[in-house]
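Counting convention: from 1, in listed order, for ligands and their atoms alike.
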Amino acid sequence: MSKALEITGLSKRYASGVEALKGIDLSVENGDFFALLGPNGAGKSTTLGIVSSLINKTKGSVRILGHDLDTERDKAKRSLGVVPQEFNFSVFEKVEDILVTQAGFYGITAAEARPAVEHYLKELGLWEKRREQARNLSGGMKRRLMIARALVHDPGLLILDEPTAGVDIELRRSMWDFLTRINKAGKTIILTTHYLEEAEALCRNIAIIDRGSIVKNTSKKELLSQLRKQTFVIDLDQAVDEGLQVSGFESRVGGPDSLEVDILQGESLNGVFEQLRQKGLNVVGVRPKANRLEELFIELVRGASGGVSKPALQKEVE
Ligand code: ADP
Ligand code: MG
C-alpha cells in the first residue's frame, strides 16, 4: 500500500531569498497520526502549504496516497483535506453551504454531499448552527467548521496547521478527542504544532523541523525515551578539576566551579551530592540546565549543523 505522504528532497526558496526548506525528506505511513513539530519560522506552514498546493515548491517531489502532485494533481488533491492556520471561508456564507460548496470543488453534488455534511456537522457540534452565517459563530466553532469542511469529501489524509494555537483548553481537549476518534476510524492525520505536549498527547510518530531541515524523525516512544533525561547544573563552592566525575552518572565540567550531571527519570541527585561531599566539594546551588522542550532540541541538534538558537526557543516556551 502506498504511503499517505511521501516528500523527497523538498526545497523552497521564497522570492525574498529566504530558504524556508532545505531539501527535506518525510514519509508518513497510512493510518498514522503524525506531528511536524518545530519552533516558529521552522518551515512547518511552508511544508503543508506545498503539500496542499497553496505554495509552489522550488525543488523536490510530493506524493499523496501514491499520487504525485506534479503529474496527478487532481487525484492528489482529492486524497487530501486541509485545515490551514488562518480562517479562510466566506463569513457571509451559511455553515452548511460552506461544506456543500467545498464538496462541489471535488465534483460532489449537493445531494451526494448531504450525508457527510450532516455527519460532520453533528460530530463537531455545529448541526444546530447549519443555517447561520459563518460570521455568527464563535472562534471555536469557526475552527471546527474548518475541520468539517476539510473532511466533507472524505479524504484519506487530513492535515492541520497548528490546529490548537490560541484555542482554549476545553476546545483543545474536544478537538484532540475528535481527531483521535477519526484516526482510529482509519484517517491518516498530520498536524503541525509548536507544543511538545500536543505532539505527545496525540501522535505516534514525530518529525522535528528546525530552520528548514528535519533534525529528527522517529516514534514518539523513542523521542520520549530521550527526554527521560534531564541535565542539572550543580554549582560548587570551589574551582573543579577538568577530570571531575561522579561514578554512576553521566557528567561533565560545566564551568570553572560547576558540574553538569544527567539525571535519568527516577534517579535522585542525592548520590551525586554524597560523592561530591566525599571529594570535599560543597554544593551551593542546583538548577535544571534547560526546560523540557529546550532539552529535547539541544539533545537532538547536538552534533548536527548549527544548533538551535536559544532565544527563538525561549520565545516558544514562554
Ligand atoms: P512555521 O510555519 O514553522 O512557523 P513558515 O513555513 O511559516 O514556518 O516559515 C519558514 C520561513 O519562511 C520563515 O523564515 C518565514 O519567515 C519564511 N516565510 C514564510 N512565508 C513567507 C513568504 N510568503 N515570503 C517570504 N518568506 C516567507
Ligand atoms: Mg506556521
Side-chain angles (χ1 to χ4, degrees), residues 5 7-28 33-62 64 69 80-89 139 142-143 146-147 149-150 157-167 171-172 175-176 179 189-203 205-218 223 293-294 296-298 300-301 304-318:
L5 179 66
I7 289 176
T8 322
L10 189 65
S11 301
K12 175 65 185 179
R13 179 188 285 271
Y14 283 105
S16 63
V18 173
E19 229 186 316
L21 296 176
K22 299 170 183 164
I24 65 166
D25 296 324
L26 203 59
S27 165
V28 177
F33 202 140
F34 189 95
L36 186 59
L37 175 70
N40 272 328
K44 302 183 297 297
S45 293
T46 301
T47 305
L48 295 198
I50 292 170
V51 171
S52 46
S53 300
L54 301 170
I55 298 174
N56 290 322
K57 60 185 162 60
T58 304
K59 229 197 270 170
S61 80
V62 176
I64 301 164
L69 208 48
L80 178 70
V82 184
V83 182
Q85 209 169 337
E86 312 289 337
F87 300 135
N88 65 348
F89 45 76
K142 284 180 179 141
R143 215 155 264 284
M146 300 268 285
I147 298 177
R149 187 187 59 175
L157 171 62
L158 177 67
I159 62 179
L160 308 99
D161 197 1
E162 308 244 4
T164 61
V167 159
L171 176 60
R172 182 172 300 178
M175 273 175 56
W176 285 5
L179 294 176
I189 301 182
I190 301 175
L191 57 78
T192 73
T193 183
H194 62 259
Y195 299 120
L196 180 60
E197 290 66 26
E198 184 155 73
E200 213 178 324
L202 291 173
C203 299
N205 291 295
I206 299 177
I208 297 184
I209 184 167
D210 181 49
R211 294 192 243 163
S213 299
I214 303 285
V215 294
K216 190 81 181 180
N217 186 355
T218 185
L223 203 62
L293 185 56
E294 274 181 40
L296 176 66
F297 271 78
I298 291 162
L300 296 175
V301 181
S305 64
V308 175
S309 69
K310 215 165 171 176
L313 271 172
Q314 237 137 25
K315 224 170 67 200
E316 286 313 312
V317 160
E318 273 161 10

Under 2.8 Å from the Mg ion (ligand 2) - does any N, O or S atom of Ser45 fall there?
yes
Contacts table for residues 15-27: side-chain donor-acceptor under 3.5 angstrom, sequence neighbours left out:
unit_1 : atom_1 : unit_2 : atom_2 : d
Ser16  : OG     : Val18  : N      : 3.4
Lys22  : NZ     : Arg211 : O      : 3.1
Asp25  : OD1    : Gly9   : N      : 2.7

Exactly which residues line ligand 1, taking a heavy atom under 4.0 Å from it as the test?
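Ligand 1 pocket, heavy atoms under 4.0 Å: Tyr14, Ser16, Val18, Ala20, Pro39, Asn40, Gly41, Ala42, Gly43, Lys44, Ser45, Thr46.
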Can any side-chain N or O of Lys12 pair as donor or acceptor with the backbone N or O of Asn56 at less than 3.5 Å?
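Confirmed, Lys12 side chain pairs with Asn56 backbone.
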Residues in side chain to side chain donor-acceptor pair (under 3.5 Å) contact with Lys142, at least two apart in sequence or another chain
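If we apply the side chain to side chain donor-acceptor pair (under 3.5 Å) test to Lys142, skipping adjacent residues, there are no hits.
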Side chains of Ile159 and Val51, heavy atoms from C-beta outward: is any pair under 4.5 Å?
yes
Pair Tyr14-Thr58, side-chain donor/acceptor within less than 3.5 Å:
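Short answer, no.
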Pairs where residues 39-57 contributes a residue and the test salt bridge (Lys or Arg N to Asp or Glu O under 4.0 Å) is met, not counting sequence neighbours
Lys44-Glu162, Lys57-Asp70
